[in-house]
Protein chains: 2
Amino acid sequence: MNPMSEQTEQRRYHHGDLRAALLEAAEHSLRSHGPAQLSLRDLAREVGVSHGAPRRHFPERQDLLDALAENGYVRLGERIRRAVTSGDPDFAARVQRATSAFAHFAMENRALLELMNAAKHRPEGTGVPRSAEVAFEPLVDLLREGQERRLLRVGSIEEIGIILYATINGLATLVNNGLIDAERLEELIEIAVDQFLRGTAP
Amino acid sequence: MNPMSEQTEQRRYHHGDLRAALLEAAEHSLRSHGPAQLSLRDLAREVGVSHGAPRRHFPERQDLLDALAENGYVRLGERIRRAVTSGDPDFAARVQRATSAFAHFAMENRALLELMNAAKHRPEGTGVPRSAEVAFEPLVDLLREGQERRLLRVGSIEEIGIILYATINGLATLVNNGLIDAERLEELIEIAVDQFLRGTAP
DNA sequence: AACACAAGTAGGCGATGCCTACATTCGTGT
DNA sequence: ACACGAATGTAGGCATCGCCTACTTGTGTT
């Protein structure tokens, strides 16, 4: 009866923080239906706003996807940073923890990871590529430290970093695509990192 | 004036081999615009057939994508097989050639590779997953041979194969996403395989 | 209080995938 | 040879989507 009672939420003309609400709804949709099914009009309905409203915050659909990806990299970076800086300070153990953190993130955010990987070939130094770079900084620093302490062979840190990243991300992708059971990822990562350290030992 | 002269091609009611024509047009479209832009109606126009016709051969859009992916795995498998069985019979050299063949295929068929990787979580033992398995058989066999000849540590052949595959495919994906220059792929693969062999040595 | 601007609404456009009903051709069995 | 069923192609409809424009409502600043 009360014209403004709609599940405790009042329908004001202005939403208040539509951008955040859209991102939240998008993440939820992402978890249940994947990136391809994500529709702006759908999100607008979900949030209870007209189909044109999201345009004010995300002029193009891809802009929303980019925002999600960037957000994802921030969270991933945080987890990697924590993994590197806490716990057993042994070098190999820290590499294992960092990659394992990546693996867990990948499993808990499968569709998001796909988005993060696809947010590509944009002008460098801005947006998603930049946030991805930041996210992996702790891991790169860790590898650099390994080199300085003569635990890794000297050589282009960028090259071995890329290779390690490609391996971990590749394994996560295989899980995402159903070619590996999720339960096996942790074990495979452990083996892969072990091989990596062995292969890059001086 | 002649009702049936349309660029040497006659417009017959039945196309003859529409399925193949669609796949060819799809591959062409894939090369220039990526998987997301691929439209059934577009292909139909290109081939000169009504928009509903493709449905007879590919009831759903995904079915066409699956066919492309499967076709891709067949061609990739052929290249891997050739790489393994020809040239310098040295074990490491054969592994390098096989992975390098993969890398070249990935660069020459970027959008297709994306499709191949995305053709996922389908009922096992049929279609795309099966053709992928077949494509990599020569490489798996090669690794098994390496184990028998004590060039690789013993252990689950499936595990180390998956890890090698994840690494190579991961690197190819990074190139596809523009995070690595294409010219560097060959070199990175070489380093990665070298590390792999070192890391899996007995 | 006035006003410029941000944020949301409403409707339209072209395109897509999938659907159904119908038309044409092919191939096979008698 | 031919009739008929199956395969293949056509035509049009439907809901949805992304993007666009014109208009409305609220906000915050001066």
Side-chain angles (χ1 to χ4, degrees), chain A residues 3-4 6-7 9-30 32-69 111 114-115 118-119 122, chain B residues 3-4 6-7 9-30 32-69 111 114-115 118-119 122:
Chain A
M4 57 187 231
E6 192 154 346
Q7 299 179 7
E9 301 225 356
Q10 308 174 6
R11 278 289 284 110
R12 312 190 286 299
Y13 191 93
H14 282 96
H15 178 281
D17 196 355
L18 181 55
R19 185 189 156 92
L22 287 171
L23 287 174
E24 188 180 357
E27 281 225 48
H28 183 263
S29 163
L30 212 51
S32 32
H33 307 103
Q37 311 300 325
L38 198 153
S39 134
L40 290 182
R41 288 170 110 108
D42 224 7
L43 298 180
R45 276 190 291 272
E46 196 127 355
V47 175
V49 91
S50 82
H51 70 265
R55 187 171 170 64
R56 297 295 170 193
H57 304 275
F58 307 100
E60 300 200 357
R61 179 189 133 99
Q62 187 61 47
D63 295 331
L64 190 157
L65 301 185
D66 284 354
L68 286 173
E114 191 175 328
L115 227 50
R122 301 276 152 63
Chain B
M4 57 189 229
E6 191 155 348
Q7 300 180 7
E9 300 226 358
Q10 310 174 5
R11 278 288 283 108
R12 311 191 288 299
Y13 191 93
H14 281 96
H15 177 282
D17 196 355
L18 180 55
R19 183 189 158 93
L22 287 171
L23 287 175
E24 188 180 357
E27 281 225 47
H28 183 264
S29 162
L30 212 51
S32 32
H33 307 105
Q37 310 300 325
L38 198 152
S39 135
L40 289 181
R41 288 170 108 107
D42 222 9
L43 298 180
R45 276 189 291 270
E46 196 128 352
V47 175
V49 90
S50 82
H51 69 265
R55 187 171 170 66
R56 297 295 172 194
H57 304 273
F58 306 100
E60 301 200 357
R61 180 189 132 99
Q62 187 60 49
D63 295 331
L64 188 155
L65 300 185
D66 284 353
L68 285 172
E114 190 175 329
L115 226 51
R122 300 275 152 62

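Letters go in sequence order (proteins before strands), and every chain restarts at 1. Remember, it's a predicted structure, so these values are computed and weren't measured experimentally.
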TODO: Would you indicate, yes or no, if dA6(C) has its OP1 or OP2 atom less than 4.0 angstrom from a side-chain nitrogen or oxygen of His57(A)?
DONE: no
Task: Protein-nucleotide distance (Asp17(A), atom CG; dA6(C), atom C1'), rounded to Å - done: 14 Å
Task: Length of the line joining Arg56(B):CZ and dC22(C):P, which is rounded to integer Å - done: 14 Å
Open item on the list: Between P on dC17(D) and CG on Leu65(A), what's the gap in Å once rounded to a whole number?
Closed with: 14 Å
- [ ] Check His51(A) against Ala44(A) and note the closest heavy-atom contact, atom names and distance.
- [x] CA-CB, 3.9 Å
Open item on the list: Using the side-chain hydrogen bond (donor to acceptor under 3.5 Å, both in side chains) criterion, which residues pair with Arg45(B)? Sequence neighbours excluded.
Closed with: Asp42(B)
TODO: Check the distance between dC17(D)'s P and Gln37(B)'s CD and give it to me in whole angstrom.
DONE: 18 Å
Open item on the list: Without decimals, in angstroms, what is the distance between Leu22(A) CG and dA7(C) C1'?
Closed with: 12 Å
Task: Toward the 5' end of DNA chain D, by each residue's nearest nucleotide, Gly52(A) or Gly16(B) - done: Gly16(B)
Close N/O contacts between protein and nucleotides 16-18 of chain C (under 3.5 Å):
residue	atom	partner	partner atom	Å
dT16(C)	OP1	Ser39(B)	OG	3.1
dT16(C)	OP1	Arg45(B)	NH2	3.1
dT16(C)	OP2	Arg45(B)	NH2	3.2
dG17(C)	OP1	Leu40(B)	N	3.0
dG17(C)	OP2	Leu40(B)	N	3.2
dG17(C)	OP2	Arg41(B)	N	3.3
dG17(C)	N7	Arg41(B)	NH1	2.5
dG17(C)	O6	Arg41(B)	NH1	3.0
dC18(C)	OP2	Arg61(B)	N	2.9
dC18(C)	N4	Arg41(B)	NH1	2.9

Task: Length of the CG-P vector between Leu64(A) and dC19(D), whole Å - done: 11 Å
- [ ] Quick one: closest heavy-atom pair of Ala67(A) and Arg19(A), and the distance?
- [x] CB-NH2, 4.1 Å
- [ ] Using side chain to side chain contact (heavy atoms under 4.5 Å, CB included) as the criterion, point out the one residue from Leu115(A), Leu22(A), Asp63(A) that pairs with Leu68(A).
- [x] Leu115(A)
- [ ] Supply the atom-to-atom distance His57(B) NE2 to Leu23(B) CG, rounded to the nearest 0.5 angstrom.
- [x] 10.0 Å
TODO: Taking the side chain as every heavy atom from C-beta outward, state whether Leu43(A) and Leu64(A) have any atom pair closer than 4.5 Å.
DONE: yes
